[in-house]
Colleague: 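I'd like to ask some things about the structure below.
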Amino acid sequence: MQTILGANGQIAVELARELNRKYTTNLRLVSRNPRKVNETDALVRADLLDAGQTAAAVEGSDTVYFTAGLPANTELWEAQFPTMLRNALGASRSVGASFVYFDNTYMYPQDDRVQTEETPFAPAGRKGRVRAAMASLVLDEITPPETSPQSSPGPPSSTGRPGPRALRTP
């Protein structure tokens with residue numbers, strides 16, 4: 001089962017179409033008011049601010065896609081995005097599902113530099129700080145502790161956060 005959290009947005013709709021077309025028809029679309037994209041979609045109502053509802057929504061999932069969005073309101077982002085993401089990560093972890101995170105570029109320098117995986121976070125403004133914290137939460141979830149011999153910290157960012165870390169296989 002492939003589960004899309006925040007399933008009514010533009011990214012989620014295109015993702016559901018593409019997954020259905022090229023990968024599987026076993027899709028679950030989750031939002032407060034879900035709508036089918038494909039005829040075979042399963043719909044689940046859930047508020048991602050509620051950990052229990054989020055956990056129930058991902059039960060039986062192999063992969064969970066976090067595509068949830070909020071209106072462009074800074075206070076709303078600060079108050080709700082971190083909780084939604086923590087609930088989604090915790091629910092995915094509890095069922096052993098892979099987690100796919102869609103993001104924007106708010107946490108990166110807002111200039112004409114080319115951005116790569118090594119570009120350090122340099123958020124400008126409150127929304128950028130929210131997205132940097134969220135991306136850091138995801139990176140911390142998917143990478144081993146820095147004390148592990150398997151991890152390799154990337155270059156430090158201007159915010160003091162290590163850059164992306166990569167796993168090394170023996």
Colleague: Which value, rounded to the nearest 0.5 Å, describes the distance between Ile142 atom CD1 and Ser92 atom OG?
Modeller: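 Here the rounded value is 12.0 Å.
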Colleague: Can you name the closest pair of heavy atoms from Ala12 and Gly6 and give their distance?
Modeller: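 Residues Ala12 and Gly6, closest heavy atoms: CB-O, 3.4 Å.
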Colleague: Would a 4.5 Å heavy-atom cut-off, applied to side chains only, mark Asn20 and Leu27 as touching?
Modeller: yes
Colleague: With rounding to the nearest 0.5 Å, note down the distance linking CG in Leu70 to CD in Glu78.
Modeller: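 It is 11.5 Å, given to the nearest 0.5 Å.
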Colleague: First locate atom CE of Met107, then atom NZ of Lys127, and finally report the distance between them rounded to the nearest 0.5 Å.
Modeller: 14.0 Å
Colleague: Go through the structure and list residues passing side chain to side chain contact (heavy atoms under 4.5 Å, CB included) with Thr83, not counting sequence neighbours.
Modeller: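 So Thr83 forms a side chain to side chain contact (heavy atoms under 4.5 Å, CB included) with Leu49, Arg86, Asn87.
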Colleague: Got a sec, which residues hit side-chain hydrogen bond (donor to acceptor under 3.5 Å, both in side chains) with Glu18, two or more places apart in sequence or on another chain?
Modeller: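 Partners of Glu18 under the side-chain hydrogen bond (donor to acceptor under 3.5 Å, both in side chains) test: Arg21, Lys22.
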Colleague: Under 4.5 Å between side-chain heavy atoms, counting indirect links through other Ile/Leu/Val/Met/Phe/Trp/Tyr residues: same cluster for Ile11 and Val37 or not?
Modeller: yes
Colleague: Under the salt bridge (Lys or Arg N to Asp or Glu O under 4.0 Å) definition, can you give me all pairs with a residue in residues 64-75, not counting sequence neighbours?
Modeller: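 The answer is Glu75-Arg126.
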Colleague: Suppose the criterion is ring pair (Phe, Tyr, Trp, His ring centres under 6.0 Å): which pairs have a residue in residues 73-93, not counting sequence neighbours?
Modeller: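 Checked against ring pair (Phe, Tyr, Trp, His ring centres under 6.0 Å) - neighbours excluded - the pairs reaching residues 73-93 are Trp77-Phe81, Trp77-Tyr106.
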Colleague: Under the rule for salt bridge (charged side-chain N to carboxylate O under 4.0 Å, His left out), what residues qualify as partners of Asp50, not counting sequence neighbours?
Modeller: none
Colleague: Apply side-chain hydrogen bond (donor to acceptor under 3.5 Å, both in side chains) to Ser61 and list each qualifying residue two or more places apart in sequence or on a separate chain.
Modeller: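 Expected list: Thr3, Arg28.
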Colleague: Minimum heavy-atom separation for Pro34 and Leu29, please, with both atom names.
Modeller: CB-O, 3.7 Å
Colleague: Set out, in order, the CA-CA distance, both residues' side-chain angles and the distance that settles side-chain contact (heavy atoms from CB on, under 4.5 Å) for Asn38 and Thr25, then state yes or no.
Modeller: CA-CA 8 Å; Asn38 309 291; Thr25 58; over 6 Å; no
Colleague: In Å and rounded to the nearest 0.5 Å, what is the CZ to CG distance from Phe99 to Leu5?
Modeller: 7.0 Å
Colleague: Return each pair, listed once, that meets side chain to side chain donor-acceptor pair (under 3.5 Å) where at least one residue sits in residues 4-17; pairs must be two or more places apart or across chains.
Modeller: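 Sorted result for residues 4-17: Asn8-Ser31, Glu14-Arg17.
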Colleague: Can you tell me how far apart OG1 (Thr54) and CD (Glu59) are? Round to the nearest 0.5 Å.
Modeller: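 Output value for this atom pair is 12.5 Å.
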Colleague: By the salt bridge (Lys or Arg N to Asp or Glu O under 4.0 Å) test, which pairs, at least two apart or in different chains, include something from residues 38-48?
Modeller: none
Colleague: Arg129: which residues meet the salt bridge (charged side-chain N to carboxylate O under 4.0 Å, His left out) condition with it, sequence neighbours left out?
Modeller: none
Colleague: Flag yes if Leu19 and Phe102 sit in one hydrophobic cluster, no otherwise; membership is Ile, Leu, Val, Met, Phe, Trp, Tyr, and two members link when side-chain heavy atoms are under 4.5 Å apart.
Modeller: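 As far as the 4.5 Å side-chain criterion goes, Phe102 and Leu19 are connected within one cluster.
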Colleague: Is Val100 reachable from Val138 through a run of I, L, V, M, F, W or Y residues, each pair having side-chain heavy atoms under 4.5 Å apart?
Modeller: no
Colleague: Would you say Leu139 and Tyr65 are hydrophobically clustered, going by side-chain heavy atoms of ILVMFWY under 4.5 Å?
Modeller: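 No; Tyr65 is not reachable from Leu139 via cluster members.
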Colleague: Kindly write out the residues that satisfy ring pair (Phe, Tyr, Trp, His ring centres under 6.0 Å) with Tyr108, not counting sequence neighbours, or none if the list is empty.
Modeller: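 If we apply the ring pair (Phe, Tyr, Trp, His ring centres under 6.0 Å) test to Tyr108, skipping adjacent residues, the hits are Phe121.
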Colleague: Taking all heavy atoms of Ala57 and all of Val30, pick out the closest pair and write down the distance.
Modeller: CB-CG1, 3.8 Å
Colleague: Who are the side-chain hydrogen bond (donor to acceptor under 3.5 Å, both in side chains) partners of Asp111, not counting sequence neighbours?
Modeller: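 side-chain hydrogen bond (donor to acceptor under 3.5 Å, both in side chains) check on Asp111 returns Arg113.
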Colleague: Any side-chain heavy atom of Leu85 within less than 4.5 Å of one from Leu137?
Modeller: yes
Colleague: Looking at residues at least two apart in the chain, or sitting in another chain, which of them share a side-chain hydrogen bond (donor to acceptor under 3.5 Å, both in side chains) with Glu141?
Modeller: Arg93
Colleague: Are side-chain heavy atoms of Gln2 and Val64 found at a separation under 4.5 Å?
Modeller: no
Colleague: Indicate yes or no for a side-chain donor-acceptor contact from Asp62 to the backbone of Met1 under 3.5 Å, with no hydrogens or angles considered.
Modeller: yes
Colleague: Do you reckon Leu48 sits in the same ILVMFWY cluster as Val13, going by side-chain contacts under 4.5 Å, direct or chained?
Modeller: no
